[in-house]
There are 2 protein chains.
Amino acid sequence: MSTRKRESTGFLIKQRAFLKLYIITNIENRRWYGLQLLDEMKKEFGPFGFEPQHSEIYRALHDLLEDGILTRGKIKKNGSKYQEVAVYTIKDQEKAKTYKKMVKADLDRCSHLLRKALEDNYA
Amino acid sequence: MSTRKRESTGFLIKQRAFLKLYIITNIENRRWYGLQLLDEMKKEFGPFGFEPQHSEIYRALHDLLEDGILTRGKIKKNGSKYQEVAVYTIKDQEKAKTYKKMVKADLDRCSHLLRKALEDNYA
DNA sequence: TAATGAACACTCTGTTCATCC
DNA sequence: GGATGAACAGAGTGTTCATTA
């Protein structure tokens with residue numbers, strides 16, 4: 001049952017990394033909880049035909065916790081109900097910065113790849 | 001054991017479509033066989049960190065046959081050996097055009113999505 | 001050894017289910 | 001019904017194996 005590593009062929013960036021990037025930026029500005037972030041993303045990307053799922057947002061958040069980039073607290077949600085929600089804040093600003101820098105390099109790369117495809121195939 | 005359909009959330013274009021696009025364009029210009037195309041793609045995309053696998057090229061070619069866009073012939077390869085290789089030509093120019101148009105729309109969309117990410121997260 | 005193709009296996013992520021307010 | 005999380009399952013594609021010239 002040994003699990004062999006798979007190499008990446010380096011095509012385009014993964015959804016997970018893309019969402020993690022946006023989550024970090026959003027949380028730098030204010031506190032959010034999971035479903036808020038989902039709504040925000042759907043609103044942002046909807047016009048571009050991209051509608052992420054709630055589970056992928058949670059997976060991204062859990063990744064960021066494991067990475068040590070975010071930390072989580074529980075607060076009572078505003079309003080008549082006293083439901084607790086999980087809100088996130090930046091835990092390690094340096095790590096966040098490093099992650100964003102890495103993703104930027106990949107976004108640039110992908111961007112070039114797409115531009116190249118448009119040039120090469122639609123002369 | 002009913003197979004449920006999965007919806008796409010519409011993130012980025014798939015490698016398969018990307019390769020099919022390039023294959024069509026290459027074959028519009030001259031005849032190619034599978035491994036030639038692979039070498040060409042590796043040379044083209046290598047500087048961008050993308051190195052497709054041979055099996056994905058073949059899958060793309062088989063798709064294009066099924067789509068009715070390409071047709072396949074066998075020829076004796078040049079050189080001292082008389083090995084047969086499978087060379088492809090455009091079968092239906094209209095279908096090819098339609099496919100390329102569709103992919104262009106998706107590439108444009110993806111391109112905008114990436115540009116947006118660069119703007120939104122790296123002010 | 002080059003070329004083609006298919007089987008196998010892993011990753012990513014969409015879908016569904018379970019809890020708890 | 002909103003929020004969170006985990007289990008389950010399918011699509012996409014990387015890896016390996018088989019075949020033939």
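Computed from heavy atoms alone, side chains included, the values below leave out hydrogens, waters and symmetry copies. Chain letters run A, B, ... following the sequence lines, proteins first, then strands; residues in each count from 1.
Using a 4.0 Å cut-off, some side-chain N or O of A:Gln15 falls inside it from OP1 or OP2 of C:dG14. Taking 4.0 angstrom as the limit, A:Ser55 places none of its side-chain polar atoms (N or O) nearer than this to OP1 or OP2 of C:dT13. In this structure, B:Tyr58 does not reach the C:dG5 phosphate: none of its side-chain N or O atoms is under 4.0 Å from OP1 or OP2. Considering only side-chain N and O atoms, A:Tyr33 lies nowhere under 4.0 angstrom from the phosphate OP1 or OP2 of D:dT4.
Between the side chain of B:Arg6 and the base of C:dT13 there is at least one donor-acceptor pair of N/O atoms closer than 3.5 Å. Judged by atom type and distance alone, A:Arg59 reaches the base of C:dG14 through a side-chain donor-acceptor pair under 3.5 Å.
Residue B:Ser8 is classed as having no contact, given no heavy-atom separation below 4.0 Å to the nucleic acid. Using a 4.0 Å heavy-atom criterion, one finds that B:Tyr88 contacts the sugar-phosphate atoms exclusively.
Among all heavy-atom pairs drawn from B:Ala60 and B:Ile23, the shortest one is CB-CD1, 3.7 Å.
When atom types are taken as modelled, the side chain of B:Glu56 and the backbone of B:Gln53 share no donor-acceptor pair closer than 3.5 angstrom. The closest donor-acceptor contact from the side chain of A:Tyr88 to the backbone of A:Ile27 lies at 3.5 Å or more, if one exists at all.
Computed from coordinates, the B:Glu56 CD to C:dG5 P distance equals 14 Å when rounded to whole Å. Nucleotide C:dT13 holds its C1' atom 12 Å from the CD1 atom of A:Ile57, rounded to whole Å. Counting to the nearest Å, the C1' atom of C:dT4 and the CG atom of B:Leu61 are 10 Å from each other. One interatomic measurement links the two molecules: NE2 of B:His62 to C1' of C:dT4, which rounds to 7 Å at whole-angstrom precision. Between the CG atom of A:Leu12 and the C1' atom of D:dT13 there is a distance of 14 Å, given to the nearest Å. The CG atom of B:Leu19 sits 14 Å away from the P atom of D:dG12 (whole-angstrom rounding). Rounding to whole angstrom units, CG of residue B:Asp39 and C1' of C:dA3 are separated by 11 Å. Between A:Leu70 atom CG and D:dT4 atom C1' the separation is 16 Å, expressed in whole Å.
Taking for each of A:Ala86 and A:Thr9 the nucleotide of DNA chain D with the nearest heavy atom, the 5'-most of the two is the partner of A:Ala86.
At a threshold of 4.0 Å, the pair B:Glu119-B:Lys116 does not count as salt-bridged, since none of the basic side-chain nitrogens sits closer than that to a carboxylate oxygen.
Candidate nucleotides C:dG14, D:dA3, D:dG12 were compared by shortest atom distance to the side chain of B:Glu7, and C:dG14 ranks first. Comparing D:dT4, C:dT4, C:dT15 by their nearest atom to the side chain of B:Leu35 picks out C:dT4.
Ring geometry for A:Tyr22 versus A:Phe45: interplanar angle over 60°, hence perpendicular rather than tilted (30 to 60°). In this pair, A:Tyr58 and A:His54 present their aromatic rings perpendicular. The plane angle is above 60°, beyond the 30 to 60° band.
A:Lys97 NZ: 12 or fewer foreign heavy atoms inside a 6.0 Å radius.
Taking every heavy atom of residues 41-54 of chain A and every atom of DNA chain C, pairs under 4.0 Å involve A:Gln53, A:His54, by number.
A:Thr98 places none of its side-chain heavy atoms less than 4.5 Å from the side chain of A:Lys101.
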